[in-house]
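Here is the structure we will look at, set down as structure tokens.
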Amino acid sequence: MRGRGAAERGETRRHLAARGTARHRGRLPRDRRTTDIRAGRRRRRRHSSCDSGRTRRPGETHRQRCSRDRRASNEGERMTEHDVTAEQQLSAEQQLVTDSNEQREVRLAKRDRLLAEGDAYPVSVPVTTSIRAVRERHAGLDAGEETDDIVGIAGRVVHIRNTGRLCFVALQAGDGERIQAMLSQGEVGKESLAAFKELVDLGDHLFVHGRVIASKRGELSVFVDRWQIASKAIRPLPNLHSELGEEFRVRNRYLDLIARDAARDMVITRAHTNASLRHTFAEHGFVEVETPMLQTVHGGASARPFVTHSNAFDMDLYLRIAPELFLKRALVGGIDRVFEINRNFRNEGADSTHSPEFAMLEAYEAYGDYHSIADLTQELIQDAAKASSPDGGETVVWGDGTAHDYSGDWDRIDLYGSLNERLAEQWTASGAAPQITVETSVAELSALADAVGITLDPKTATHGKFVEELWEHYVKPGLTRPTFVMDFPLDTSPLTRAHRSKPGVVEKWDLYVRGFELATGYSELADPVIQRQRFVEQSLLAAAGDPEAMQVDEDFLTAMEYGMPPAGGMGMGIDRLLMALTGLGIRETVLFPLVR
RNA sequence: GCGCCUCUAGCUCAAUUGGCAGAGCAGCUGACUCUUAAUCAGCGGGUUCUGGGUUCAAGUCCCAGGGGGCGCACCA
């Protein structure tokens, strides 16, 4: 026990304090560490209240006595209250200092010394090569072997051993590649080595210059002849040996990126996936556009929008819930193959597969239909899988080691047909299993739904909603391979054209991958008269209190009346695509997810 | 929105029935020319999320608020 040692030696508080002062003599004067630092003053005041004549109990540490005294002292409570009031008046700069802790103060003192003697934040350092390049160039070096290759490299200090006259430090590059640097007193000199020990901390960016060698233990190293701080860190790095908590990782993603390969890989995978999508689109002659985020009417999907306000126009605007109606205007204008990868915003629930803002891909192909757009979607995803798979094939490997095959042509099943098939298999009640068709009444569907515990709000429940719910209950859990589910009920898809031969359904598919809906595709509705009817029906729903129903977009209808070519259209969640490729949750696929 | 769980040192976590708030890493001082989660000796570090309450005594029990998680609802 640390307190007992001092007590046994019979040392008084004053002796301890004197030793503390001597300890900091020279390099880190006590005055400097606490001057103008409110937290320091508070700490001293608290300690001074400990010196009020009470004695330490046997075996008790100083800190234990402090906390005992604090509890017993009303005066201490009042002083804390007073401090909080005073703190509210501190400037932002002082506040920054108030938030500091001991480890930060020590680093700030080192920063001061660096600035006084040279620079803690040089405009640049003379880097000659990358850590990765050095590792590749000298992969086969034997233990103890030396080279004449002189390099200048920089990286973040992630490991440090200050051992006597030979120091070791591991530098990490942004790509996660690491290399060791060795500083011997013989090479850099006594002063330089002492300065290194005194000034360099875990987390600093460090430049080193010297020969590439392998240590006696075989570790590839730079044998340093010259070093320089590239950027002094004033906060300590988190413990790199224990796993960081989920909340900490999300809120401090930059530290997550330093500490965890998987976090870094996610960013790269996402970039490669986006590049792959754009490349595949380009191969097919698609043009990328950017349509408005701020919209006066929200449309293109059934979702609750975020509302914001324009001061210039003095009007409320909606953050877009989908780019669809603008991309279709582009189709009218003759951009026959068009796509957009950008953010949508939906004011709805957030969980492991839903985020308030999410990246969405939408694509429209004039003179295509929902079959051609399904072909394209399959190709887009298979190309993306190749871009992120370890061997460039169509099988990706998740972080948990499981392999997921996206190759071949994916099944295309019928919504009603697959539902009836599964219903027949699982039917246990007396009599024959019911056949669900577009004619099946809401009452009948409601009874079937009730039997498996599905209830819908009677105000907005329709034939289509019940059929989709029943399908999700009976069929969806059994899907393992990527599957296109085709031909949906008309009433849930107001922007889609009726099926060319099957009455009562629309030419729409949902693509299910790993148990969730990854993309949806349509033969787009081109008839402006029917489009207007659908919008009016939706706005009546809105009047009836469904906040997700669409508004009538007169400007869009006008565009439609000039003639939109027949087209296939598709929408895909980029975050969900990443989830399918990596097996991670949506908060892991988004670099900086929204946190409260 | 509703229900349940959770919040302790810079980080990861302990703390028995309500009974002196601890460990590892990180940090400080010293030793060490082959360390790599080094080792050895010594030391510092806490508003136990916040505010009330019960109690001789609260990290622990109660109430309210905040952050986070999970489930339900809504949605992609």
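Just so we're on the same page: letters track the sequence lines, and every chain starts at 1. What's counted below: heavy atoms across the whole structure, side chains too, no hydrogens, waters or symmetry copies.
At a cut-off of 3.5 Å, with distance as the only test, no side-chain donor of A:Asp256 or A:Tyr254 sits close to an acceptor on the other residue. Side chains of A:Trp410 and A:Thr483: no donor on one and acceptor on the other come within 3.5 Å. Residues A:Gln172 and A:Arg178 have side chains that bring a donor and an acceptor to within less than 3.5 angstrom of each other.
Distance check on atom C1': B:G71 versus B:A57 gives 38 Å, rounded to whole Å. Atom C1' of B:A15 sits at a distance of 35 Å from the matching atom of B:C72, rounded to the whole Å. To the nearest whole angstrom, the two C1' atoms, one in B:A9 and one in B:U48, are 10 Å apart. Separating the C1' atom of B:A58 from that of B:C49 is a span of 16 Å, rounded to the nearest Å. B:G46 sits 29 Å from B:C62 when the P atoms are compared, rounded to a whole Å. With C1' as the reference atom, B:C63 and B:C25 are 38 Å apart, rounded to whole Å. Between B:A23 and B:C43, the distance separating the two P atoms is 12 Å to the nearest Å. Nucleotides B:U16 and B:G53, compared at atom P, are 25 Å apart to the nearest Å.
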- prompt: Based on Watson-Crick and G-U pairs with both distances under 3.5 Å, what dot-bracket line describes RNA chain B 5' to 3', crossing pairs as [ ] and inter-strand pairs as |?
  reply: (((((((..((((.....[..)))).(((((.......))))).....(((((..]....))))))))))))....
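Across B:A76, B:C28, B:U12, the shortest atom-to-atom separation from the side chain of A:Arg576 is found for B:A76. With distances taken from any side-chain atom of A:Arg346 to the nucleotides B:C75, B:G27, B:A26, the minimum falls on B:C75. Nearest to the side chain of A:Gln185, among B:C34, B:C11, B:U33, sits B:U33. Of all nucleotides listed (B:C75, B:A76, B:C32), B:C75 comes nearest to the side chain of A:Lys465. Of all nucleotides listed (B:U36, B:A76, B:C28), B:A76 comes nearest to the side chain of A:Glu348. Taking every side-chain heavy atom of A:Leu166 into account, B:U33 is the closest of B:U36, B:A76, B:U33. Considering only side-chain atoms of A:Gln103, the nucleotide from B:G27, B:C25, B:U36 that sits closest is B:G27. Here B:C34 is the nucleotide among B:C75, B:C28, B:C34 with the atom lying nearest to any side-chain atom of A:Ser215.
Within 4.0 Å of A:Leu237, counting heavy atoms only, lies no atom of the nucleic acid at all. Residue-level contact check: A:Met360 touches neither bases nor backbone, having no heavy atom under 4.0 Å from any strand. Across all strands, A:Asp201 comes closer than 4.0 Å only to sugar-phosphate atoms, never to a base (heavy-atom distances). Here A:Gly186 lies in heavy-atom contact (under 4.0 Å) with a base.
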Which pairs, protein N/O on one side and nucleotides 65-69 of chain B N/O on the other, fall under 3.5 Å?
{"from": "B:G67", "atom 1": "O3'", "to": "A:Arg251", "atom 2": "NH2", "distance (Å)": "3.0"}
{"from": "B:G67", "atom 1": "O2'", "to": "A:Glu247", "atom 2": "OE2", "distance (Å)": "3.4"}
{"from": "B:G67", "atom 1": "O2'", "to": "A:Arg251", "atom 2": "NH2", "distance (Å)": "3.4"}
{"from": "B:G68", "atom 1": "OP1", "to": "A:Arg251", "atom 2": "NH2", "distance (Å)": "3.2"}
{"from": "B:G68", "atom 1": "OP1", "to": "A:Arg596", "atom 2": "N", "distance (Å)": "3.0"}
{"from": "B:G68", "atom 1": "OP2", "to": "A:Arg596", "atom 2": "NE", "distance (Å)": "2.7"}
{"from": "B:G68", "atom 1": "OP2", "to": "A:Arg596", "atom 2": "NH2", "distance (Å)": "3.4"}
{"from": "B:G69", "atom 1": "OP1", "to": "A:Arg587", "atom 2": "NH1", "distance (Å)": "3.2"}
{"from": "B:G69", "atom 1": "OP1", "to": "A:Arg587", "atom 2": "NH2", "distance (Å)": "2.7"}

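Considering every non-hydrogen atom in both A:Pro305 and A:Tyr318, the closest pair reads CG-CD2, 3.6 Å.
A straight line from CG of A:Asn239 to P of B:A23 spans 16 Å, rounded to a whole angstrom. Going from atom CG of A:Leu171 over to atom P of B:U36 covers 17 Å, rounded to whole Å. Between A:Ile160 atom CD1 and B:C32 atom C1' the separation is 16 Å, expressed in whole Å. The nearest whole Å value for the distance from the NE2 atom in A:His159 to the P atom in B:C11 is 21 Å. For the pair A:Arg165 CZ and B:A31 P, the computed distance is 10 Å after rounding to whole Å. If you measure from atom CG of A:Leu244 to atom P of B:G10, you get 15 Å, rounded to the nearest angstrom. Going from atom CG of A:Leu577 over to atom P of B:A76 covers 18 Å, rounded to whole Å. When the P atom of B:U12 is taken as reference, atom CZ of A:Arg260 falls 13 Å away, rounded to whole Å.
Residue-to-nucleotide proximity on RNA chain B shows that, of A:Phe248 and A:Gln180, the 5′-proximal contact is made by A:Phe248. The residue among A:Pro356 and A:Leu240 whose nearest nucleotide of RNA chain B lies closer to the 5′ end is A:Leu240.
For A:Phe339, the ring-ring contact (aromatic ring centres under 6.0 Å, His included) test picks out A:Phe281, with sequence neighbours left out. In this structure A:Glu588 satisfies the salt bridge (Lys or Arg N to Asp or Glu O under 4.0 Å) test together with A:Arg249, A:Arg253, A:Arg260, sequence neighbours excluded. Scanning for ring-ring contact (aromatic ring centres under 6.0 Å, His included) contacts around A:Phe358 gives an empty result, with sequence neighbours left out. The side-chain hydrogen bond (donor to acceptor under 3.5 Å, both in side chains) test applied to A:Tyr370 returns A:Asp487, A:His499, not counting sequence neighbours. Residues passing the salt bridge (Lys or Arg N to Asp or Glu O under 4.0 Å) test with A:Glu247 are A:Arg251, sequence neighbours excluded. A:Lys508 is linked by a side-chain hydrogen bond (donor to acceptor under 3.5 Å, both in side chains) to nothing, counting only residues two or more places apart in sequence or in another chain.
Listed by first then second residue, pairs satisfying ring pair (Phe, Tyr, Trp, His ring centres under 6.0 Å) with a partner in residues 570-594 of chain A number zero, not counting sequence neighbours.
Here the side chain of A:Arg343 pairs no donor or acceptor atom with the backbone of A:Ala359 at under 3.5 angstrom.
A:Glu517 contributes no side-chain N or O that forms a donor-acceptor pair with the base of B:A76 under 3.5 Å. Side-chain atoms of A:Glu102 and base atoms of B:G44 include a donor and an acceptor less than 3.5 Å apart.
Side-chain N/O atoms of A:Lys110 include one lying less than 4.0 angstrom from OP1 or OP2 on B:C28.
In this structure, the aromatic ring of A:Phe358 is positioned over the six-membered ring of the base of B:A76, centres within 5.5 Å and planes within 30°.
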